[in-house]
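Below is one structure, written out as structure tokens, with a few remarks after it.
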Protein chains: 2
Amino acid sequence: MPAAGKARASTGARERLMAATEQIMGDEGYAAATSRRVAELAGVKSTLVYYYFPTMDDLFVAVLCESGERALARMRAALTADDPLRVLWLINTDTRYTRLSTEWMALANHRKVIGAELKVFAERVRDIETAAVTMVLRAHGVDLTEFPPVVMSILLTGAARIICNESAVGMVQGHEQLRTFIEQFIAHYPLAVRPADQGGPG
Amino acid sequence: MPAAGKARASTGARERLMAATEQIMGDEGYAAATSRRVAELAGVKSTLVYYYFPTMDDLFVAVLCESGERALARMRAALTADDPLRVLWLINTDTRYTRLSTEWMALANHRKVIGAELKVFAERVRDIETAAVTMVLRAHGVDLTEFPPVVMSILLTGAARIICNESAVGMVQGHEQLRTFIEQFIAHYPLAVRPADQGGPG
DNA sequence: GTCTATAGACGGATAGAC
DNA sequence: GTCTATCCGTCTATAGAC
């Protein structure tokens, strides 16, 4: 593997290879992300893949890691907003990453390293989301024992995942009713105040 | 394609090929379900695949159809039970089919025919589930305008999907709390009575 | 850092014998 | 209905030149 701690040399073939892998995987599935295909899209020869990544699995893992960190950064940045619940909903219903994350889940089912990586990533996401929900519920004086924040976190992301998965195949049955319901629910838990600043309206 | 309306001839190679495809797809992913591999597992030569199915895609579609009909039958049978909400939860948290359905979703993203088939299947499932929830809510005198049955249906299946997907990679964070919460919720909506027989306890 | 050339396995699909 | 033989393309990965 080439220089990592030093200044990025040359044209960034490594980065282009990773970007190409992600794109092909999202467009045509993990099986289509072969050394030849990703190299072609990156504008290099297929053998260069093995210069940067010992095996194709190593390439996949690298792409997943980077992609996961990017997603976490997006999430952390967004959740500083006034309305964490709504932001959580919007992030999780964003269909741009649906296909890709489905591919990762499928890959994780039969590639141990991918599964392990996906697990730690999912745990970090859950931690961030649950922290945000905790802040909101606490600000409204909700009993966190009776209504654990992690539960609302899962209910919200679960509903969002259904919407994304179904939209991916053109199914929209019940989505509008769900969106309306969630919107009403979220509206009951606004957070435009500092967490320690009030007692909770209802 | 061979005799369909007549009596099942011979050894059932066609059925074995379909079963083998489903198994390999679940165990090793759709990319591993090649004509040679499924034929080997079914105990026939790979060329026989093309006798029964013009292309590999046709084989996949056939397997998905049959598998979908089986799932629908299971669901319909289970939902005649006393406690439809609990049955719905149990069916959807069954992790035996998680890997397989993830593969189908991934395949659906880049094979139009699979996506179309998955869509009609998902719609039929949603219809059955929503009908069951409607029955329960109506029996308890819930205002179906304020709380649409399809919404509870999606919330329940969404939470279940999260549990299944995460369990598949060994993640269990918050699952116990979610199960407890759902269990309590379901307990509030028992249905051991005939739908038209009472007014609702509260 | 990027290339050419190549090994060796496996893929979908067809022709035609039995 | 099931097989043998085969075409031809693609795959991961390596050796070694520049």
Using whole Å, report how far [atom1] of [X] lies from [atom2] of [N].
X	N	atom1	atom2	answer
A:Arg111	D:dT12	CZ	C1'	11 Å
B:Arg16	D:dT2	CZ	C1'	11 Å
B:Leu48	D:dC3	CG	P	6 Å
B:Phe53	C:dG11	CZ	P	18 Å
B:Leu17	D:dG1	CG	P	13 Å
A:Lys45	D:dT14	NZ	C1'	18 Å

Kindly write out the residues that satisfy side chain to side chain donor-acceptor pair (under 3.5 Å) with [X], not counting sequence neighbours, or none if the list is empty.
X	result
B:Gln173	A:Asp127
B:Glu183	B:Arg86
B:Glu123	none

Side-chain heavy atoms of A:Val120 within contact of A:Glu117, under 4.5 Å: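 A side-chain contact exists here, since the closest heavy-atom pair is under 4.5 Å.
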Pairs meeting criterion salt bridge (charged side-chain N to carboxylate O under 4.0 Å, His left out) with involvement of residues 87-108 of chain A, two or more places apart: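 As it turns out, the salt bridge (charged side-chain N to carboxylate O under 4.0 Å, His left out) pairs with a partner in residues 87-108 of chain A, which skip direct neighbours, are A:Asp94-A:Arg96.
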Summary of protein contacts for nucleotides 12-18 of chain C, nucleotide by nucleotide, where a base hit scores B, a sugar-phosphate-only hit scores S (4.0 Å, heavy atoms): BBB----
Touch class at under 4.0 angstrom, heavy-atom based, for B:Val44 against every strand present: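 Answer is sugar-phosphate: B:Val44 comes under 4.0 Å of backbone atoms only.
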Residues from residues 20-31 of chain B lying under 4.0 Å of DNA chain C - heavy atoms: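 Within this stretch, nothing sits under 4.0 Å of the strand.
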Ring pair (Phe, Tyr, Trp, His ring centres under 6.0 Å) contacts touching residues 78-102 of chain B (sequence neighbours left out):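 Qualifying pairs, neighbours excluded: none.
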Within residues 41-50 of chain B or reaching into it, pairs that qualify as side chain to side chain donor-acceptor pair (under 3.5 Å) - sequence neighbours excluded: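 Output for this query lists B:Ser35-B:Tyr50.
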Pair A:Glu40 + A:Arg36, salt bridge at N-O below 4.0 Å: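 Judged by the 4.0 Å cut-off on N to carboxylate O distance, A:Glu40 and A:Arg36 do not form a salt bridge.
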Residues in ring pair (Phe, Tyr, Trp, His ring centres under 6.0 Å) contact with B:His110, at least two apart in sequence or another chain: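 For B:His110 the ring pair (Phe, Tyr, Trp, His ring centres under 6.0 Å) partners, ignoring immediate neighbours, are B:Tyr30.
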Phosphate OP1/OP2 of D:dG1 contacted by B:Tyr51 side-chain N/O (<4.0 Å):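 For D:dG1, OP1 or OP2 has a side-chain N or O of B:Tyr51 closer than 4.0 Å.
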